[in-house]
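Quick notes on the structure that follows.
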There are 2 protein chains.
Amino acid sequence: MMIDVKTLCLGVLSRGDASGYEIRKEFEEGPLSHFSDAGFGSIYPALKRLLDDGMITMLPHSGDGRPDKKLYRITPAGRHVLYQALTRAPAPDKLRSDLMFILSFGHLLPPRHLDRIINDRITDYRRMIATLEAQEKTAQHTPGDRFVEGMGLAIYRAVATYLEEHRHELVAAALMESQVAE
Amino acid sequence: MMIDVKTLCLGVLSRGDASGYEIRKEFEEGPLSHFSDAGFGSIYPALKRLLDDGMITMLPHSGDGRPDKKLYRITPAGRHVLYQALTRAPAPDKLRSDLMFILSFGHLLPPRHLDRIINDRITDYRRMIATLEAQEKTAQHTPGDRFVEGMGLAIYRAVATYLEEHRHELVAAALMESQVAE
DNA sequence: CAAGATATATAACGAACCAATATATAACAT
DNA sequence: ATGTTATATATTGGTTCGTTATATATCTTG
C-alpha cells in the first residue's frame with residue numbers, strides 16, 4: 001500500500017511550518033515533486049484529520065490583513081507517527097505513462113503524429129533536465145534531497161536518451177504499416 | 001488527465017478477445033504492466049459500462065464445464081473510440097516512489113535500516129532486469145511492445161545503477177547524524 | 001486605479017483502489 | 001482415491017483520491 005496523503009503532509013511539515021497551499025507547492029516544485037504528488041482536494045481533508053488526531057496544531061494567524069491563511073505545525077505525536085511510517089517497508093515503485101501505453105500501439109498510428117508526440121516528450125524531458133541541472137549548482141538542501149534529485153535526473157536522462165535513440169525504429173514500423181494499408 | 005480504465009481495457013481487447021481476469025493479467029505480466037495498471041475493482045465496472053455503451057460485446061460462453069467465464073470482444077465503435085484516445089495528447093508521465101519519499105529523510109534514519117532498504121530495492125530491480133533480458137530473446141510481439149519493454153529496461157537499469165553508485169553518500173550522512181545525536 | 005496573477009480554502013462528485021467473498025476446476029501430494 | 005492447495009473467475013462495498021468549480025483577499029503591474 002502506498003504512503004497516504006496524511007503522511008506526505010507530515011513529511012513536509014517536519015521540515016517547517018506551512019499552510020495547505022505551501023504544502024501543495026512542495027509537491028509541485030520541491031524535491032519531493034519528482035516522486036510524490038498530492039492535490040488540494042487531498043491535502044485539506046488530510047490536514048483536518050491530522051488536526052483532529054493531534055498530529056498537527058494550527059498556529060494563531062498573525063492578525064494583519066489576511067484572515068484566512070492557516071499555518072500548521074507538526075506535534076511530537078506527529079513526528080512519531082511519521083517516523084513509524086518512514087521505517088515501514090516501502091511499497092514498490094509505480095510508473096504511469098500514457099505515452100508508453102499509446103506507443104505500445106505505435107505501429108498502428110499515423111507516422112507523422114507518432115513522430116510529433118515523441119519529439120514533444122523529448123523536449124519536455126530535456127527542459128526538466130536543464131532545470132534540475134541549474135538547481136543542482138545553487139543552494140542545496142539536505143543529503144536526502146540531493147539524493148532524490150539525483151535520482152530524478154538519472155531517470156529523466158535515461159528516458160530522454162532512450163526516446164532519442166529508439167524513436168526511429170517505431171516510426172519506421174509505422175511507415176511500413178501505413179504503406180501496407182494502401 | 002490520465003487515460004481511464006475503460007480505454008486501457010479497450011487497448012487490451014484490441015489485441016484479442018479476453019475475460020476480465022485475462023485483462024488483469026496483462027497489467028500484471030505483459031508488456032503493458034510496466035507503465036499501466038488496473039485492478040479487478042476497476043476492470044469489472046469498466047467492462048460493464050463498455051458493454052452498455054456498445055464498445056464491446058460478450059461472447060456466448062462455450063458450454064463446457066465452467067459456466068462463469070465471460071469473454072469480451074471489441075466492436076468497431078470501440079476501436080474507433082480507442083483510436084481517438086490514442087491520438088489525443090498524452091498526459092505527463094507520473095512516477096510514484098515511497099522509497100524516494102523515505103530517502104528524502106534518509107539522513108535522519110538508522111543507517112542500518114537505510115542500507116537494508118536500499119539493498120533490497122537494488123535486488124528487486126536487478127531481478128526485474130534479468131527477467132526482462134531473458135524475455136527479450138524469446139518470442140517478440142509487436143514493434144510497439146518491443147519499444148515499451150526497451151524503455152522499461154532502460155529505466156530499471158538507470159534506477160539500479162544510481163542506487164548502487166550513490167547509496168554510500170546517503171548512508172554516510174546518516175552515520176554522521178547518528179553520531180552527532182550521541 | 002483597474003486588471004490580472006497569486007495565495008488561500010472548501011465542497012461535492014466521480015473515479016479508482018483495496019479487501020473480503022464466492023465458486024468451480026485443475027493439479028498435486030499423500 | 002481423496003483431501004488440499006492453486007488457479008481462474010466475478011462481484012461488491014467501503015475508503016481514499018483526484019478533479020473541478022467556487023469564493024476571496026492580496027500582490028503586482030501597466
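Below, read A as the first sequence line, B as the second, and so on, with proteins coming before strands; counting in each chain starts at 1.
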For the pair made of [atom1] in [X] and [atom2] in [N], what is the distance, rounded to whole Å?
X        : N       : atom1 : atom2 : answer
Lys48(A) : dA12(C) : NZ    : P     : 11 Å
Leu47(B) : dT12(D) : CG    : P     : 13 Å
Arg49(A) : dC17(D) : CZ    : P     : 7 Å
Lys94(B) : dG18(D) : NZ    : P     : 7 Å
Arg96(A) : dC17(D) : CZ    : C1'   : 14 Å
Asp37(A) : dT19(D) : CG    : C1'   : 12 Å

In residues 3-33 of chain A, which ones come under 4.0 Å of DNA chain D, going by heavy atoms? Asp4(A), Val5(A)
Any side-chain N or O of Tyr44(B) less than 4.0 Å from the OP1 or OP2 oxygen of dA10(D)? yes
Check the phosphate of dT11(D) against Lys70(B), side-chain N and O only, distance under 4.0 Å to OP1 or OP2. Yes or no? yes
For Tyr156(A) and His34(A), take the angle between the two ring planes, folded into 0 to 90°, and tell me which bin it lands in: parallel under 30, tilted 30 to 60, perpendicular over 60. perpendicular
Indicate the ring-plane relationship of Phe105(A) and Phe101(A), choosing parallel, tilted or perpendicular according to the 30° and 60° boundaries.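 Taking Phe101(A) first and then Phe105(A), their aromatic rings stand perpendicular (interplane angle over 60°).
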Ion pair check, [X] and [Y], cut-off under 4.0 Å:
X         : Y         : answer
Arg121(B) : Asp93(A)  : yes
Asp145(A) : Arg15(A)  : yes
Asp120(B) : Arg116(B) : yes

Should the heavy atoms of other residues, nucleotides or ligands under 6.0 Å from NE2 of His168(B) be counted, would the total exceed 12? yes
Polar atoms only, N or O, under 3.5 Å: list the protein pairs with nucleotides 20-22 of chain C and their distances.
none

Would you confirm whether [X], through its side chain, and [Y], through its main-chain N or O, come within 3.5 Å as a donor-acceptor pair?
X         : Y         : result
Glu22(B)  : Ser19(B)  : yes
Asp98(B)  : Ile3(A)   : yes
His113(A) : Thr87(B)  : yes
Ser97(B)  : Phe35(A)  : no
Tyr125(B) : Thr161(B) : no

Roughly how bent is the helix from dC1(C)-dG30(D) to dT30(C)-dA1(D) end to end, in steps of 10 degrees, with each end axis from five pairs? 40°
